[in-house]
Amino acid sequence: MNEQSLRVVVADDQALVRTGFRLILESEGIEVVAEAEDGEQAVAAVRRCRPDVVLMDIRMPGLDGLEAARRILADGARQQPRIIMLTTFDLDHYVYAAMAAGASGFLLKDVTPEHLAAAVRLVRTGDALLAPAITRRLVERFARPADQAGAATPHRELGTLTPRELEVTGLLARGLSNAELAARLGLSEATVKTHVARILGKLGLRDRAQVVVAAYETGLVSVGSAEHRQA
């Protein structure tokens, strides 16, 4: 894809945050096509502008970022944007809920300019923005055990996965990148990408962030261990 076509919506109730992010992104050649100060405006901006990525503050007046993200991802558009949640706290239960709903990851608001631009580019490619240590702490704190997931997660049936796909799922839950997965399993990165795509398709999941959530909620990876159980 052409780098210059990367389009972003910034949603945050603080004007200074929106302005700062806009300046950072535009200095990197990334187009900010709209700004929003609450969830309702964010949903409307996405429907109007069809961005590639949305930077979405979790806590906004009126419709919050979590509900706005759910509405955007449930919109049924052919090309849904990738959503990065913005938060002040890395252990925010809303972040975990957003990942479960389909957000591609999260950033702290004090993110460096370099990391912000890199994060937008990363999720645009279809990858998930997951810092392993923080993600593991989030999941271990907020993941529901399998017996509580129930009807809320009907798509998370791991029985359709092959033994290799289960192995890849367990390693994804530990935050390994495609390159790290390839080295760990003795596979090419192309093969790893194929495995990940099949896992997403079989489980009806949007991206790697949801795979992490599913791995913990189904018990494939046990909370507190980060090691996947033997089948």
Side-chain angles (χ1 to χ4, degrees), residues 5-28 30-111 113 115-117 119-130 134-135 138 142 144 151-155 204-210 213:
S5 69
L6 179 48
R7 296 157 49 85
V8 177
V9 165
V10 178
D12 193 290
D13 62 334
Q14 298 179 56
L16 285 176
V17 172
R18 298 196 306 272
T19 299
F21 279 15
R22 173 188 283 275
L23 290 174
I24 290 169
L25 294 173
E26 290 183 343
S27 73
E28 291 287 332
I30 297 171
E31 182 183 5
V32 176
V33 294
E35 296 180 18
E37 63 183 26
D38 59 37
E40 294 283 3
Q41 289 185 14
V43 174
V46 168
R47 290 173 177 167
R48 182 176 69 253
C49 301
R50 297 299 177 192
D52 302 295
V53 178
V54 181
L55 292 171
M56 180 84 75
D57 186 17
I58 289 180
R59 304 185 184 195
M60 293 185 289
L63 189 71
D64 66 19
L66 176 57
E67 182 57 32
R70 285 177 175 149
R71 292 188 186 183
I72 289 168
L73 295 173
D75 204 7
R78 175 178 293 182
Q79 294 294 331
Q80 290 181 328
R82 300 285 168 171
I83 297 178
I84 300 175
M85 306 305 295
L86 302 172
T87 180
T88 308
F89 308 102
D90 59 14
L91 286 185
D92 189 324
H93 73 279
Y94 289 113
V95 173
Y96 180 81
M99 289 169 57
S104 296
F106 64 94
L107 288 172
L108 298 181
K109 287 191 180 181
D110 61 359
V111 60
H115 192 187
L116 175 65
V120 169
R121 292 187 176 106
L122 176 68
V123 299
R124 194 275 189 94
T125 67
D127 210 338
L129 185 65
L130 301 172
I134 295 176
T135 301
L138 268 172
F142 299 115
R144 295 168 297 175
T153 54
H155 55 288
L205 300 176
R206 179 175 172 79
D207 61 24
R208 297 161 74 107
Q210 287 189 299
V213 173

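What you are looking at is a predicted structure, and each value in this text was computed from that prediction instead of being measured. Scope of the values below: all heavy atoms of this structure, side chains included, with no hydrogens, waters or symmetry mates.
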Between Leu108 and Thr87, is a side-chain contact (heavy atoms from CB on, under 4.5 Å) present by the stated rule, with each step listed? CA-CA 5 Å; Leu108 298 181; Thr87 180; 3.9 Å; yes
Does any non-hydrogen side-chain atom of [Y] lie less than 4.5 Å from one of [X]?
X: Glu26; Y: Val32; value: yes
X: Arg71; Y: Glu40; value: yes
X: Ile58; Y: Asp64; value: no
X: Leu63; Y: Asp38; value: no
X: Pro81; Y: Val46; value: yes
X: Asp12; Y: Phe21; value: no

Can you name the residues that form a salt bridge (Lys or Arg N to Asp or Glu O under 4.0 Å) with Arg48, not counting sequence neighbours?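 Scan of Arg48 (salt bridge (Lys or Arg N to Asp or Glu O under 4.0 Å), adjacent residues dropped) gives none.
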Residues two or more places apart in sequence or in another chain: which of them pass salt bridge (Lys or Arg N to Asp or Glu O under 4.0 Å) with Arg18?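 Glu35.
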Which heavy atom in [X] sits nearest to a heavy atom in [Y], and how many Å separate them?
X: Ala103; Y: Met85; value: CB-CG, 3.8 Å
X: Val123; Y: Ser104; value: CG1-CB, 4.0 Å
X: Ala11; Y: Leu86; value: O-CD1, 4.4 Å
X: Ala68; Y: Met56; value: CB-CE, 3.8 Å
X: Val54; Y: Pro51; value: CG2-CG, 4.0 Å
X: Arg70; Y: Ala97; value: NH2-CB, 4.4 Å

In Å, rounded to the nearest 0.5 Å, how long is the span from [atom1] of [X] to [atom2] of [Y]?
X: Gln80; Y: Ile72; atom1: CD; atom2: CD1; result: 9.5 Å
X: Met60; Y: Asp13; atom1: CE; atom2: CG; result: 7.0 Å
X: Arg59; Y: Leu66; atom1: CZ; atom2: CG; result: 11.0 Å
X: Ile24; Y: Leu55; atom1: CD1; atom2: CG; result: 10.0 Å
X: Leu25; Y: Leu6; atom1: CG; atom2: CG; result: 8.0 Å
X: Asp52; Y: Ile30; atom1: CG; atom2: CD1; result: 10.0 Å

Test Val53 against every option in Arg121, Arg7, Arg124 by the side-chain contact (heavy atoms from CB on, under 4.5 Å) rule and name the one that passes.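 So, applying the side-chain contact (heavy atoms from CB on, under 4.5 Å) to Val53 and each of Arg121, Arg7, Arg124, only Arg124 qualifies.
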